[in-house]
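Below you'll find the structure, written out as structure tokens, and then a few comments.
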Number of protein chains: 2
Amino acid sequence: MSTTTRDRLVTATAELMRRQGYSATTVKQVTVAAHAPMGSLYHHFPEGKPQLAASALRTSGAAYIQLLPLLMDPYDDLREAIPAAFAAAAEQIRGSGWMNMCPVGTVAGEIADSEPGLREVTAEVIGSWVESGADYFVRRGLADVDARDLIFAVLAALEGAFILCRTLRSVEPLRAAGRAMAARVEAMVAVSGG
Amino acid sequence: MSTTTRDRLVTATAELMRRQGYSATTVKQVTVAAHAPMGSLYHHFPEGKPQLAASALRTSGAAYIQLLPLLMDPYDDLREAIPAAFAAAAEQIRGSGWMNMCPVGTVAGEIADSEPGLREVTAEVIGSWVESGADYFVRRGLADVDARDLIFAVLAALEGAFILCRTLRSVEPLRAAGRAMAARVEAMVAVSGG
DNA sequence: GTCTATAGGGCGATAGAC
DNA sequence: GTCTATCGCCCTATAGAC
């Protein structure tokens, strides 16, 4: 196996948190999934479960940040790109059997009021999504203020629609959210004349 | 005390799940907060923690359903009402010290892939939000299809923006989401000529 | 319907040989 | 850096008196 023990621990933690959240994920489950003994976990992560979770959230966040540009790049017109990205996410989630795709949003909601250290980590990760997303929208022709406004709305709509789709077992929320975001972009380019 | 033991157990569970989620909330914490002994909990809820959580989610959901009309009724124009409701939610959450307002959305995200019984309960609750919200938008003049489309987008944007606001300690996501929903309504009334 | 006491198991974390 | 064995605690749930 070419992966290090440390990498396997982080990956297993991300995977388990994605499906069960932070509290329901036990360090025992992590060691079993990572084929690593207890002692290795506390060797690499002396502060234990929170430190391991922080690492998994940062890694997942860094991977997830690349997805939005990837989905929107094929479309010349941002008014087309945005609902297409939401529709692609909808098909992805439906095809997976309504599974959670990324632990960051759900874990953020679960621990925001009760785990200050982890809340700061999720804030850092989501903050980096905002920065990179706003930069992308500027590159696609939006003004700085509009780009920032739009990425906040898009991330909120995506995270909320993920929860609704997984709960209701329906792609309708993601599709409706995509149409709403398209309307917002339309309003922006109508004013700036893009 | 005028409340029954059963009611206090349900209220305490809703309150604890709102702040900590489902997995991190223990039945011991519930009995302490409700000033009720262990035996009473298992007398009223023989199936234990999941049954108690289901009751708390249904109660919270029924209370929460009334909030959106309450916030939007004062405004004659739906294009004004929607961003105003998002702005009011933003001030509420800021004023509370960025606390979660309702356990349904966050618990739904936490358990959708791992607790089938509770997932069905959250689906039922959110489904009732969709029904009642769509009815409200129809009463406010939207076509059936538009009303359903809009409530899905609004609920997704609200739930997602709540998580972002609490995590980032900023009202920006809720404000941006409100502006996006306003643009969607604008597009709807422009077509139907409302 | 209320309450105390406790069972039985899994939790996060640690010790210490290798 | 890896691994086994285990600690002490807290978890959900139950038994049984009142």
Side-chain angles (χ1 to χ4, degrees), chain A residues 1-57 59 103 107 110-111 113-119 121, chain B residues 1-57 59 103 107 110-111 113-119 121:
Chain A
M1 182 125 24
S2 66
T3 58
T4 66
T5 299
R6 201 198 125 99
D7 283 345
R8 290 200 315 278
L9 286 166
V10 172
T11 304
T13 303
E15 171 70 15
L16 285 161
M17 287 201 303
R18 185 170 73 77
R19 287 171 9 203
Q20 310 174 334
Y22 172 72
S23 297
T25 296
T26 74
V27 292
K28 182 74 192 160
Q29 288 177 326
V30 171
T31 58
V32 169
H35 307 290
M38 274 315 266
S40 290
L41 191 154
Y42 284 93
H43 169 74
H44 291 290
F45 302 93
E47 289 154 48
K49 186 179 169 179
Q51 188 186 8
L52 185 54
S55 224
L57 288 169
T59 302
V107 169
E110 181 190 354
I111 55 83
D113 300 344
S114 53
E115 299 276 346
L118 281 181
R119 196 224 96 223
V121 174
Chain B
M1 184 128 16
S2 66
T3 58
T4 66
T5 299
R6 203 198 121 98
D7 284 346
R8 292 201 312 280
L9 287 165
V10 172
T11 305
T13 304
E15 171 69 15
L16 284 162
M17 286 202 304
R18 186 170 70 79
R19 288 171 7 203
Q20 308 175 336
Y22 172 72
S23 297
T25 296
T26 73
V27 292
K28 183 74 191 161
Q29 288 178 325
V30 172
T31 57
V32 169
H35 307 291
M38 230 26 207
S40 289
L41 190 153
Y42 284 92
H43 170 75
H44 292 289
F45 302 93
E47 290 155 47
K49 186 180 168 178
Q51 189 185 9
L52 184 56
S55 224
L57 288 169
T59 303
V107 169
E110 180 190 356
I111 54 84
D113 300 343
S114 52
E115 300 276 346
L118 281 181
R119 195 224 97 221
V121 173

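Below, all heavy atoms of this structure are taken into account, side chains as well, without hydrogens, waters or symmetry copies. Lettering of chains follows the sequences in order, A, B, ..., and the numbering in each one begins at 1.
- For dG1(D), the OP1/OP2 oxygens have no side-chain nitrogen or oxygen of S40(A) closer than 4.0 Å.
- Rounded to an integer number of Å, the gap from L9(A) CG to dG1(D) P is 12 Å.
- With dT14(D), dT4(D), dC11(D) as the candidates, the nucleotide lying closest to the side chain of M38(A) is dT4(D).
- Between F45(A) atom CZ and dG12(C) atom C1' there is a gap of 16 Å when expressed in whole angstrom units.
- In the set dT2(D), dG12(C), dC11(D), the nucleotide with an atom closest to the side chain of V27(A) is dG12(C).
- Dashed line: the shortest gap from a side-chain N or O of K28(B) to OP1 or OP2 of dC11(D) is not under 4.0 Å.
- Summarising the geometry, the separation between CZ on R8(B) and P on dG1(C) is reported as 13 Å, rounded to the nearest angstrom.
- Across the protein-nucleic acid pair, H43(A) atom NE2 and dG16(C) atom C1' stand 15 Å apart, rounded to whole Å.
- No donor-acceptor pair closer than 3.5 Å links the side chain of E110(A) to the backbone N or O of V107(B).
- Using a distance-only test at 3.5 Å, with no hydrogens or angles considered, no donor-acceptor pair links the side chain of T11(B) to the main chain of R8(B).
- Minimum atom distance to the side chain of Y42(B) is reached by dA13(D), of the listed dC11(D), dC3(D), dA13(D).
- Protein atom CD of Q20(A) is 14 Å distant from nucleotide atom C1' of dC11(C), rounded to whole Å.
- Distance L52(A) CG to dA13(C) C1': 13 Å, rounded to the nearest Å.
- With Q20(A) contributing its side chain and S114(B) its backbone, the two residues share no donor-acceptor pair below 3.5 Å.
- Contacts of G39(A) with the nucleic acid, taken as non-hydrogen atoms under 4.0 Å apart, include base atoms.
- Taking atom CD of E47(B) as the reference point, atom P of dT12(D) lies 16 Å away to the nearest angstrom.
- If you measure from atom NZ of K49(A) to atom C1' of dC9(D), you get 15 Å, rounded to the nearest angstrom.
- Residue H44(A) has its side chain nearest to dG1(D) when only dA13(C), dG1(D), dC3(D) are considered.
- The side chain of T5(A) contributes an N or O atom lying less than 4.0 Å from OP1 or OP2 of dT2(D).
- Residue contacts for T25(B): at a heavy-atom cut-off of 4.0 Å it reaches the sugar-phosphate backbone alone, with no base atom in range.
- Of the possible polar contacts, one joining the T13(B) side chain to the L9(B) backbone as a donor-acceptor pair under 3.5 Å is found.
- At least one cation-pi condition fails for K49(A) and Y42(A): the charged atom is not both under 6.0 angstrom from the six-membered ring centre and inside a 45 degree cone around its axis.
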